[in-house]
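Treat the numbers as computed from the prediction; the structure is a model and nothing was measured. Whatever order the structure lists ligands and atoms in, that order sets their numbers, starting from 1.
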Amino acid sequence: MALNHIFHFYGGVHPREAKVASRAAIVSAPLLPQYTVPLAMHIGAPATPVVKAGDMVKRGQLIGQAAGFVSSNIHSPTSGKVKALDFCLGAAGTQLPCVLIEADGEDTPAEPLPPYPDWQNTEPDRLLKRVGEAGIVGMGGAAFPTPVKFTIPVGKYVDTLIINGVECEPCLTADHRLMLENPLKVLQGVAIAARILNVTNIVIAVEKNKLDAIMELAKLAPTVDPNIRIQPLEVRYPQGAEKQLIYTVTRRQVPSGGLPADVHCVVMNVGSAFALAEAVIDGKPLYERVTTVTGTPIASPGNWRFRVGTPFSEAIKLAGGTQGEVGKLISGGPMMGMAVYSQAVPIIKSTSGILLLSSEEVFQYTSKACLRCGRCNDACPMQLMPGILSTQIENERFDDAQNWNVMDCIECGCCAFICPAGRPLVQHMRRAKAEVGAKLRAQKAAEQKAAELEKKLSKTTIVK
Ligand code: SF4
Ligand code: SF4
């Protein structure tokens, strides 16, 4: 099962696991009368709508076409009528273009994409095309379009595929249940991804707090692809972060500002592997996913298969509603999730969890001065110095923060978790990253403009 010696990434913390929904089997959520389907469920350009108000659609029908290379197709979660093309609130607090679908209650499926049951003998290029057709994205949180991830830049090569079944975020159990209940489909998706990438070094990394899933995968892996290794890992947050996982499994270090392909790796989430198998073997586009609904105020925490466009409010209702005073609603887990201020936000392809915290659990603080204890330095998996960075950022010394590599911060929250002064370190890092990012974009735009001007001038004939 585990063949390689495993390394530990630097830093990290051990938050309380609180995976109370780990024994709750996945249940398919019932149909709703309406879905709010964002056209921007991924990193990159929002999809272009290919339907208009009044159109009738079927489940799985294309309603948004990828608008460029870094974008993704969007499919209808059920059959019904397009009520409107509108805007809706996203988890990040921004307005997103969306398609409102009034369900007809029939859930009539559209013609599936042509399935490839014989995927072992299907051309890798054809399989890669299917990844795009089905709208597959990274389902672990980032929602990076998978076709982009699978297109290795010229001059680089990949020799290792790492499947991320770590689910190191406390409270979340969706990936755990998916691996436990659907190991064959997950493994088939992994093997399809390996065929597309033409790699034979394939590792599914799972933390040891999911031993039942590890056993299931290990039992079936040889029947799907003998090259697949199941790698149990010690529990440690943020082991599921891409760079940390690559180091843990291969001891290769992604350079600052670099990509996994720089160290010959591709990392893919188990949810994406499952969706890939459905897309290739069943011809099913990605319009539903497993999401954990949990937290102290939730009456019945569990894992549901929700259609995209389901409002958080409906998911919370399905989990028995809330008891006691709710202090915070989070999209994702408690460490890297995003605080959301409205339950109207819809579930999208990357919604791994909906977490509610009680008002007693929400830590209200005023930022105190740094104690110079250095604990954050020990905890930071990117080997940054969060204490010093936060002081620079408080003083708006963003150039200094850039020189101290703030752009490498993965916003994991380990520093804030460990800080005895309760300093809002992640908020500081996000602020600096936004400031430095804006400066770099402006610089790039100015450089492009200068280059264009130079090109124009070089073509101009000067008459003397
Ligand atoms: S500075 Fe960034 S990467 Fe380092 S611990 Fe804090 S949030 Fe994580
Ligand atoms: S853990 Fe908090 S108090 Fe200690 S050095 Fe870091 S920022 Fe300062």
If you look only at distance, which donor and acceptor atoms sit under 3.5 Å apart when one is on a side chain in residues 335-354 and the other is two or more places apart or in another chain?
from	atom 1	to	atom 2	distance (Å)
Ser342	OG	Ala344	N	3.0
Lys349	NZ	Asn73	O	2.8
Lys349	NZ	Gly135	O	2.9
Thr351	OG1	Ile348	N	2.8
Thr351	OG1	Ile348	O	3.3

List ligand 2 atoms under 4.0 Å from [X], heavy atoms only on the residue side.
X      : value
Cys419 : 1 (S), 2 (Fe), 3 (S), 7 (S)
Gly374 : 4 (Fe), 5 (S)
Gly387 : 7 (S)
Pro420 : 1 (S)

N, O or S atom of Cys373 closer to atom 4 (Fe) of ligand 2 than 2.8 Å: yes

Enumerated ligand 1 atoms positioned under 4.0 Å from heavy atoms of Glu411: 2 (Fe), 7 (S)

Residue Gly413 vicinity, atoms of ligand 1 by number, heavy atom under 4.0 Å: 7 (S), 8 (Fe)

Residue, atom name and distance, where the atom is the protein heavy atom closest to atom 3 (S) of ligand 2: Leu371 N, 3.2 Å

Closest protein heavy atom (residue, atom, distance) for atom 8 (Fe) of ligand 2: Cys370 SG, 2.3 Å

Heavy atoms of other groups near Lys368 NZ, more than 12 under 6.0 Å: no

Greater than 12 external heavy atoms within 6.0 Å of Glu325's CD: no

Main-chain N/O of [Y] paired to [X] side chain as donor or acceptor, under 3.5 Å:
X      : Y      : value
Asn303 : Ala21  : yes
Asn395 : Thr391 : yes
Asn269 : Gly138 : no
Thr296 : Leu357 : no

Residue pairs passing the side-chain hydrogen bond (donor to acceptor under 3.5 Å, both in side chains) test where at least one lies in residues 12-21, sequence neighbours excluded: Glu17-Asn209

Cation-pi, Phe9 ring and Arg236 (6.0 angstrom, 45 degrees): yes

Under the side chain to side chain donor-acceptor pair (under 3.5 Å) test, residues paired with Asn198 that sit two or more places apart: none

Exercise: identify the closest heavy-atom pair between Ser390 and His428: CB-ND1, 3.2 Å

Residue and atom names of protein N/O/S atoms that fall under 2.8 Å from atom 4 (Fe) of ligand 1: Cys380 SG

Within-shell test, Ser390 vs ligand 2, heavy atom, strictly < 4.0 Å: no

